[in-house]
Amino acid sequence: MPECWDGEHDIETPYGLLHVVIRGSPKGNRPAILTYHDVGLNHKLCFNTFFNYEDMQEITKHFVVCHVDAPGQQAGASQFPQGYQYPSMDQLAAMLPSVVQHFGFKYVIGIGVGAGAYVLAKFALIFPDLVEGLVLMNIDPNGKGWIDWAAAKLSGLTSTLPDTVLSHLFSQEELVNNTELVQSYRQQIGSVVNQFNLQLFLNMYNSRRDLDINRPGTVPNAKTLRCPVMLVVGDNAPAEEGVVDCNSKLDPTNTTFLKMADSGGLPQVTQPGKLTEAFKYFLQGMGYIAHLKDRRLSGGTVPSASMTRLARSRTASLTSASSVDGARPRACTHSESTEAMGQINHTMEVSC
């Protein structure tokens, strides 16, 4: 891969073109950070606040970042023709290896929200060797039952498309209060994303099937995500029940569950600082950026107060924090770990 692919790209895949934005250049043998946004958004609307946060930029300078826009969802996208068959959720996941191969990434750390989290989880199930870790926000692993499907159909007849999307993204409290954030997103969803293309993406997401995952040992030949996973949801967010259910289906020895108070339906927008800090410890738990300094802390990698108020529901094997050069970390025992608070590969909850 050339030294710098910074900028916008249209990548050929088996299921059509994919719009991708690259920030930064490859850093040795390290994975790329690959993002996938939610329904109604694109990479800018979903992730700009988070990735522009100063402490997050301290992290991302150690990685190349690859933002993926779902087909037809990027700003300025051409409208698909009538009768266009939008890719299924499985096909959206199957488009991603073309991106990985195009840029020569060995593997990625995925950050997905809502529909994007579902796509990345599918990607990791189908292509586990390409995924080093996952941050899944607002994921719902369950397909809609016929009652949910009928309710969504009825709601679609009585609501505008932006309002339907807003009820998916934001908590009821946020919608009732009609905060400045909600008003801003209502305007942008209606104007930045092509409405015809958005309806196709939403329809496909609403027709998704259950993610085929089960906690190891609960059913014969259970499939699960093999990489470290951080699940994130805001308190009382629309996705809370789905994320809790997803947590119950994952391997507790490599899963972290963060429930964030005062963050609403979009934690990456309303609480970028807390999420950045959690992401930093998640990366350190996998053996990356072990010595990254936090500007606000004189003690460097010592956890701040918000990360020490953690209710651990179980302990688990930790991974080494010694791998600073980007090689895949080896497994180690608790006694070997020198930064136990930095290792978050076990189920716990942030309620700060």
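This one's a predicted model, so the numbers in the text were calculated from it and none came from an experiment. Quick note: numbers below take in every heavy atom, side chains included, and nothing from hydrogens, waters or symmetry partners.
For residues 179-190, the set of pairs meeting the side chain to side chain donor-acceptor pair (under 3.5 Å) definition, not counting sequence neighbours, comprises Asp163-Arg186, Asn178-Arg186, Ser184-Gln188, Gln187-Ser191. The stretch residues 10-40 participates, sequence neighbours left out, in no ring pair (Phe, Tyr, Trp, His ring centres under 6.0 Å) pair at all.
Atom CD of Gln172 has 12 or fewer heavy atoms from other residues, nucleotides or ligands within 6.0 Å.
When all heavy atoms of Ile213 and Thr224 are compared, the closest pair comes out as CG2-CA, 4.2 Å. The heavy-atom pair separating Gln195 from Ile189 by the smallest distance is NE2-O, 2.7 Å. Counting all heavy atoms, side chain and backbone alike, Ala75 lies closest to Asn42 at N-ND2, 3.7 Å. Heavy atoms only, all atoms of each residue included: Asp235 and Ser263 are closest at N-OG, 4.2 Å. Minimum interatomic distance between Pro87 and Pro71 (heavy atoms only, all atoms of both residues): CG-CG, 4.2 Å.
Residues Leu275 and Tyr53 fail the side-chain proximity criterion, which asks for heavy atoms closer than 4.5 Å. With contacts defined as side-chain heavy-atom distances shorter than 4.5 Å, the pair Leu250/Leu231 qualifies.
Between Asp55 and Lys274, none of the side-chain N atoms (NZ, or NE/NH1/NH2) sits under 4.0 Å from a carboxylate O, so this pair counts as no salt bridge. Salt bridge Arg208/Asp140: present, at least one basic N to carboxylate O contact under 4.0 Å.
Residues meeting the ring-ring contact (aromatic ring centres under 6.0 Å, His included) test with Tyr205, sequence neighbours left out: His168. In terms of the side-chain contact (heavy atoms from CB on, under 4.5 Å) criterion, residue partners of Val219 (sequence neighbours excluded) are, by chain and number, Asn214, Ala222. Partners of Lys249 according to the salt bridge (Lys or Arg N to Asp or Glu O under 4.0 Å) rule, which considers only residues two or more places apart in sequence or in another chain, are Asp245.
Side-chain contact annotation: Tyr288 with Glu132, donor-acceptor N/O pair under 3.5 Å present. A donor-acceptor pair shorter than 3.5 Å can be found between the side chains of Ser171 and Glu174.
Taken together through direct or relayed side-chain contacts under 4.5 Å among Ile, Leu, Val, Met, Phe, Trp and Tyr, Leu136 and Val244 form part of one hydrophobic cluster.
For Phe51 and His67, the ring centers sit closer than 6.0 Å to each other. The six-membered or imidazole ring of Phe80 lies away from that of Phe196, with a centre-to-centre distance of 6.0 Å or more.
Between Phe103 and Phe105, the ring-plane angle classifies as parallel under the 30° and 60° cut-offs.
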For residues 115-128, which side-chain donor-acceptor pairs fall under 3.5 Å, sequence neighbours excluded?
residue	atom	partner	partner atom	Å
Tyr118	OH	Arg209	O	2.4
Lys122	NZ	Asp90	OD1	3.1

